[in-house]
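I have placed the structure first, in the form of structure tokens, so that the comments after it can refer back to it.
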2 protein chains.
Amino acid sequence: MSPRDSTAATRQALLDAAREEFAAHGVAGARVDRIAERAGVNKERIYGHFGNKEKLFDAVVVEALDDLTSQISLPGADPVDYVSRLAEYYRTHPDLVRLLMWEALNYRGQDLLPGQETRVQRCARKNEALAEGLGREPSQDTARLLFVLTGLALLPSMLPQLARIMLGSDHDPARMRQFVADFAGMALGPREQAGVEG
Amino acid sequence: MSPRDSTAATRQALLDAAREEFAAHGVAGARVDRIAERAGVNKERIYGHFGNKEKLFDAVVVEALDDLTSQISLPGADPVDYVSRLAEYYRTHPDLVRLLMWEALNYRGQDLLPGQETRVQRCARKNEALAEGLGREPSQDTARLLFVLTGLALLPSMLPQLARIMLGSDHDPARMRQFVADFAGMALGPREQAGVEG
DNA sequence: TTGGATGCCAACCAACTAGTTGGTAGCACT
DNA sequence: AGTGCTACCAACTAGTTGGTTGGCATCCAA
């Protein structure tokens, strides 16, 4: 491995290890030593590459969200399908959901952090796509709809214990995702789609 | 103050201080010293009254949920109203929402903790009330509906930053809550209610 | 009055933490 | 061969952490 490759590999190993650690324990609970150990490199490298623990966390979140963006296409004419796809992505990427929750808990009330412009723009694009799919103009109302659809997709992965408390520990997560998507479909008005079976 | 009253007051002061601290920083981030200082008692009292940091956290959550239960009546014939009331309660008790999020992040995948039976029973009662209100039998489907309704009410308080990113930092939270309730109303079928004003 | 709980606290401690430092090994260019 | 540079690491540090201990004050029962 050339030194450049080695550097990049070290950095990526740290990001991967950090994603696990942060997803599991959050920023405060994460241990820098554990991250370094899991990555198989010296912990000083964290400071060399990322500056400090929090910046490493930010880098992890950015990477995870970039991944989501690259894999989930914009909402189109069928918002229910969008909810389904999102929910499925969250289900298969529980780390991301947990990272977002830790992040949501960390910055409270503050103004948007620098570096959030990317996210704002991405959401604006989603809002435009959603509005176009509905044959409407992008507005606060379509943005609110986008928020609720995104939230609905998140719910089952965000609150698995609540689901267990309400449905029993042997409930079927796949049915829950189906239910959530159907719920969105019902709210969006009478269109053609599979009814709630069962 | 009699010693008993004093003891009870000490205990309550600790609970109140702990609620703030835990809501703000979570279990890992909370500092036992800060809790004791805010409560105006020695930190050893935490161990005398609650055993350790985690048990104190559990006690805080139990108290907060008892409070919610005592103030929010069961869902009835109008589930949309239930969502509204819940959302309003969460808005005025952001500490509870954050506590629930920290808790959700802490215990992952595990079986239900001892002491959760109370919660299971409460949810079962809500499910029965919801089903009765809809003129249905309690089932997994009505439980899923309860989950989604609860989740919808939680969303705006759980993800305020996402709302800011999607709607701008000057958006109106009251409108968001209205939107969420209306959304639930639309999904629950054509009934009489205020339309989404735009 | 006295003896024993009980609530409380100041001071303490061992373990752990994020972050730093001084130095080494390997590469690139001259 | 010599020089500078970069990625890397072992060892260290200064500060913090959850939890403990020994003793003091107050109350109540006998």
Side-chain angles (χ1 to χ4, degrees), chain A residues 1-63 99 102-103 105-107 113, chain B residues 1-63 99 102-103 105-107 113:
Chain A
M1 249 190 320
S2 92
R4 285 212 172 170
D5 290 349
S6 160
T7 301
T10 297
R11 190 188 156 90
Q12 191 58 47
L14 281 171
L15 278 173
D16 294 343
R19 189 201 282 228
E20 277 188 61
E21 178 76 8
F22 282 130
H25 305 106
V27 184
R31 295 295 164 240
V32 177
D33 290 330
R34 277 200 296 253
I35 295 174
E37 190 187 13
R38 223 183 293 204
V41 302
N42 189 274
K43 85 170 156 167
E44 179 269 351
R45 284 292 76 210
I46 289 172
Y47 300 94
H49 277 295
F50 302 98
N52 61 33
K53 199 188 184 186
E54 292 219 353
K55 286 181 186 169
L56 173 58
F57 179 81
D58 292 341
V60 166
V61 172
V62 165
E63 193 195 42
L99 287 171
W102 293 116
E103 196 201 30
L105 284 166
N106 261 339
Y107 311 102
L113 299 164
Chain B
M1 253 193 314
S2 92
R4 284 211 173 169
D5 292 349
S6 161
T7 301
T10 296
R11 189 188 157 88
Q12 191 58 48
L14 280 172
L15 277 173
D16 294 343
R19 189 200 283 227
E20 279 188 61
E21 179 75 8
F22 282 130
H25 305 106
V27 184
R31 294 295 162 240
V32 176
D33 289 344
R34 276 201 297 255
I35 294 175
E37 189 188 14
R38 224 184 291 205
V41 302
N42 189 275
K43 81 170 160 168
E44 179 270 350
R45 284 291 78 209
I46 289 173
Y47 300 94
H49 277 294
F50 302 98
N52 60 33
K53 198 190 187 186
E54 291 218 354
K55 287 181 184 166
L56 174 57
F57 179 80
D58 292 342
V60 166
V61 171
V62 165
E63 193 194 42
L99 287 172
W102 293 117
E103 196 201 31
L105 283 166
N106 262 340
Y107 311 103
L113 299 164

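In the text below, chain A, chain B and the rest are named by the order of the sequence lines, each starting its count at 1.
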d([atom1], [X]; [atom2], [N]) in whole Å:
X: E54(B); N: dG18(D); atom1: CD; atom2: P; value: 12 Å
X: L56(B); N: dG19(D); atom1: CG; atom2: P; value: 10 Å
X: R34(A); N: dT17(C); atom1: CZ; atom2: P; value: 7 Å
X: H25(B); N: dT17(D); atom1: NE2; atom2: C1'; value: 15 Å
X: E37(A); N: dT17(C); atom1: CD; atom2: C1'; value: 15 Å
X: K53(B); N: dT20(D); atom1: NZ; atom2: C1'; value: 17 Å
X: D33(B); N: dC13(C); atom1: CG; atom2: P; value: 16 Å

TODO: Would you indicate, yes or no, if dC8(C) has its OP1 or OP2 atom less than 4.0 angstrom from a side-chain nitrogen or oxygen of T10(B)?
DONE: yes
Open item on the list: If you compare every side-chain N and O of R31(A) against the phosphate oxygens of dT17(C) (OP1, OP2), does one of them come in below 4.0 Å?
Closed with: yes
State, to 0.1 Å, how close [X] and [Y] come at their nearest heavy-atom pair, and which atoms those are.
X: A17(B); Y: R38(B); answer: CB-CB, 3.8 Å
X: H49(A); Y: R11(A); answer: O-NH1, 3.8 Å
X: I35(B); Y: I46(B); answer: CG2-CD1, 4.1 Å

Task: Parallel, tilted or perpendicular: ring planes of W102(B) versus W102(A), cut at 30 and 60 degrees - done: tilted
Open item on the list: Taking any heavy-atom pair under 4.0 Å as a contact, classify A30(A): base, sugar-phosphate, or nothing.
Closed with: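 Since only primed, P, OP1 and OP2 atoms lie under 4.0 Å of A30(A), the category is sugar-phosphate.
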TODO: Check the pair E63(A) / Q12(A) against side chain to side chain contact (heavy atoms under 4.5 Å, CB included), numbers first and verdict last.
DONE: CA-CA 10 Å; E63(A) 193 195 42; Q12(A) 191 58 47; 2.9 Å; yes
TODO: Output all residues satisfying side-chain contact (heavy atoms from CB on, under 4.5 Å) with E54(A), sequence neighbours left out; order by chain, then residue number.
DONE: V27(A), N52(A), Y107(A)
Task: Any residue of residues 41-52 of chain A with a heavy atom less than 4.0 Å from an atom of DNA chain D - done: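 Output list: V41(A), N42(A), E44(A), R45(A), H49(A).
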